[in-house]
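A quick write-up on the structure given underneath.
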Amino acid sequence: MHPPGMIQVLGQRAQHALAFLGDFTIFSAQTLGWLLRRRPAPHTLLPSFYTVGVRSVPVVGLTGMFIGMVLAVQMYYQSSRMGVGSRMGGILNVNIVRELGPVLAAVMLAGRVGSAMAAEMGTMRITEQVDALSCLGTHPLHYLVVPRLLACTLLVPLLTIFADFMGVMGGAYLGTRYYGIEPHFYWYHTANFVGLWDLASGLIKSVFFGAAIGLISCHRGLNSQAGAEGVGRAATEAFVASFVVILILDFFLGLFLINIYHAPLARQPRFS
Amino acid sequence: MSQATATTGDLPGLIGLERASVAFHSQRVLRDITLWVPRGQTLVIVGESGCGKTVLLKLLVRLLAPTSGRVLFDGQDLALLRERELSQQRLRFGFLFQGAALFDSMTIFDNVAFGLRARGKISEDEIRSRVRQHLQEVGLPAEVESKKPAQLSGGMKKRVGLARALATSPEVMLYDEPTTGLDPIMSDVINELILLIRRRYPVTSIVVTHDMNTVRKVADRVVMLYPLSRLRPEEAQVLYDGPPGDMEAHADPRVQQFVAGKAGADWLNSA
C-alpha cells in the first residue's frame, strides 16, 4: 500500500475538521434544545454555580488587579512621554472594561473551570457514569451540560464585572498613589472617556465567552478517549480550544460591536 | 399504538437483535447477530475480551446504535423511539456496569435513589425505605448510605451498583462482567445475588462474562461470541447457542478451548 500523499492527508484532515464541527454544532443545538425544553433541577445548578462562580472569585480578582496595575505601569510611561500622563486613567480603564477584563476573566475561567469540567466529564465517560445516567432515565446533556453551560454563561459576565472593578482599582491605586496623578483628574478623564457602551460591549462579549467555555469544555469531556491520557488530553484541548475561540470571538464581536456603536443611529461623540 | 411498535406479530422473545452489526469507523465488532431472549430467561453471553460482548449489551439499551439491523424490546424498535420514550423504556432495564459506574460525587444513598428520583412522583420517605430495602437485599449495612463510592471496596461497589439497578424495579437485568476484578468468594456472592434476584423478581437477565463459574451457576442458556478479526467472512460470529451443560461436548474446538480456559496453538505461536 502506498503511503498517503499530501493531498490525501489534507483531504482527510479537512474531512475530520468538518465532521468535528458538525458534531459540535449538533451537540450545541441539542444542549440548547434541552435548555429550552426542561428547567434543570436546583440541586444540579447550585454545585455548578458554586464551582464556576464563587470559587473563581479570588483568582479572577487577583488577575484583574494585577492587569490593572501592569497596564498602569506601561500606560503611565507611554502617556507621560506624550505629555498626557494625567489622562492615562481614561485610556487604561477603557481598555480594561472593553478588552482585558472580559478576555482575561474568560481565559482564567477556561483554565480553572473549563479544563476541570472536561476532566470531570471525561472521567465520568470512561468510567461509564455517563452511560449509567442514561440507563437511569436521565439525559446527560440535561443533567451534566445544561447546568454547566448556564453557570458559565451567566457567571462569566458577573466575574467580568468583578475583574473590571479590580483592574480599575489596581490601575487607580498605582496611577494616583505611586505615580502621583491627581485623583480628581484621574477620575475626571476616566468618566469622560469610559461610557456605558464600553462596559456593555465588554459584558456582551463575556456572555459569548462564557457560553463558548461551557459548550467546548463539556463537548471535549464527553468525547474524551479512554485512559488517563485521554482525560488529560480532553482537559488540555478544552482549555486550548476555549482560549482560541475566546480570542476569535473577541475579534469578531469587537468589530461587530464597534460597527454598531458607529452606526448612523448611534450617539454623540464622547468628548464634548 | 406507538409508531415504534413492531408489526411483526408474535416475536420470539421480550428483547432481541435482528441482523445487528456494529462498526467503529473501519473496525467491525459485531456482524449480523440475530438473538432473541424470551421473558424470564437468564442468558449468559461469553467470549474472549474484544469479541463485542459489552457492545452487544449496550445495543440492547441503545447506549450504542447498530450500524445496521434492529434492536427490539417489547415489540418496539428502539431506533424509532423519541428521546423521552427511550428514557422511559430504559427505566425498564437495570444495568450493572463492569466497574459499577457509581456517581462518585454522590453518596451511596443518592446513587441508589437516583433512578427513583429521576422517575419522579415518589415521596422521599418511600425512596428512603426502598433504598434501605435494596441495600439490605445485596447484603450491605445501613452505615454505607452516607459513604462515597471511593470509600468502598470493589465488591461493595458492585453490590451498590446492583442495588441501584434494582431500585427502579426493572423487567430486564443486564450484567456487564459482574465478577471481573473480584476475589473468588466475592465473585460467588455476586453470582448468588444474580440467582436471588431471579428468584425474587420476575426479571429477564442477560449476563456478559468470561467467567465459566458464572456460566455454570446462573445460565439457562449460553451464547458464545468470537472476535471478528479471527473469523473467516463466511463464518457466523455466534459459535455456540444452547444450554450450559452441552458446551463442553461441543464439536467446535474454539468452544472447548474457551470452556477449558486453555491457550490454543494460535496464541502460543503468535507470542
Side-chain angles (χ1 to χ4, degrees), chain A residues 1 12 15-16 19-20 23 26-27 29-48 50-51 116-117 119-148 221-223 225-227 231, chain B residues 24-25 54-55 57-65 78 82-106 110-122 149-150 157 160-161 163-168 170 172-177:
Chain A
M1 207 171 140
Q12 276 170 353
Q15 205 178 354
H16 285 153
F20 174 80
D23 188 54
I26 293 169
F27 168 82
Q30 283 179 336
T31 305
L32 203 67
W34 276 105
L35 181 68
L36 300 173
R37 213 179 310 159
R38 208 189 301 170
R39 220 174 339 148
H43 74 270
T44 63
L45 277 179
L46 285 176
S48 296
Y50 179 74
T51 313
M117 283 190 321
E120 185 189 4
M121 281 204 218
T123 309
M124 286 187 78
R125 178 183 140 85
I126 65 169
T127 55
E128 296 182 307
Q129 291 177 54
V130 175
D131 286 344
L133 275 178
S134 300
C135 284
L136 292 164
T138 301
H139 200 288
L141 290 183
H142 178 244
Y143 189 81
L144 295 175
V145 182
V146 167
R148 285 163 174 83
L222 288 178
N223 287 288
Q225 299 298 308
V231 174
Chain B
F24 298 113
H25 302 294
T54 300
V55 170
L57 209 59
K58 289 189 174 178
L59 282 183
L60 300 177
V61 271
R62 210 170 166 79
L63 288 173
L64 291 172
L78 294 185
R82 290 167 193 212
E83 200 59 60
R84 185 170 292 223
E85 292 169 321
L86 187 62
S87 287
Q88 279 163 359
Q89 291 304 318
R90 279 180 179 145
L91 283 172
R92 295 171 69 187
F93 288 85
F95 201 127
L96 175 62
F97 289 88
Q98 189 174 348
L102 302 180
F103 305 125
D104 40 31
S105 61
M106 295 181 198
D110 288 335
N111 262 285
V112 181
F114 194 93
L116 295 171
R117 287 179 177 146
R119 243 181 195 185
K121 295 174 191 160
I122 306 174
K157 280 185 197 166
V160 174
R164 183 176 71 180
L166 283 175
T168 52
V172 181
M173 276 297 294
L174 305 174
Y175 303 87
D176 186 12
E177 308 272 11

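Owing to the predicted nature of the structure, the values given are computational and were not obtained by experimental measurement. Note on naming: letters A, B, ... go to the chains in the order of the sequence lines (proteins, then strands), and numbering restarts at 1 for each one.
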* **Per-residue contact mode, B/D104 against chain A (heavy atom under 4.5 angstrom)** => both
* B/P149 side chain near B/N111 side chain, heavy-atom distance below 4.5 Å -> yes
* With sequence neighbours excluded, residues passing side chain to side chain contact (heavy atoms under 4.5 Å, CB included) with B/R117 -> B/F109, B/D110, B/A113, B/E124, B/I127
* To do: Identify the two heavy atoms, one from A/M121 and one from A/L144, that lie closest to each other, and give their separation to 0.1 Å.
  => CE-O, 3.9 Å
* Given side chains that start at C-beta, do those of A/L222 and A/F27 come closer than 4.5 Å, heavy atoms only? -> yes
* Between B/L174 and chain A, which part of the residue has a heavy atom less than 4.5 Å away: side chain, backbone, both or neither? -> neither
* Give, as side chain, backbone, both or neither, the part of B/F95 having an atom under 4.5 angstrom from any heavy atom of chain A. => side chain
* Hey, is the main chain of B/V61 close enough, under 3.5 Å, to the side chain of B/R90 for a donor-acceptor pair? -> yes
* Asked: Just wondering, do A/N223 and A/D23 contact through their side chains at under 4.5 Å, heavy atoms?
  -> yes
* **Minimum side-chain heavy-atom gap A/V146-A/T31 below 4.5 Å** => yes
* Structure fact -> When the 4.5 angstrom heavy-atom criterion is applied to A/R125 and chain B, the contacting part is neither
* Answer yes or no: is there a side-chain heavy-atom contact under 4.5 Å between B/D176 and A/E128? => yes
* **residues 132-139 of chain A: residues contacting chain B (heavy atom under 4.5 Å, by number)** => A/A132, A/L133, A/S134, A/C135, A/L136, A/G137, A/T138, A/H139
* **Interface moiety of B/E83 toward chain A, non-hydrogen atoms closer than 4.5 Å** => side chain
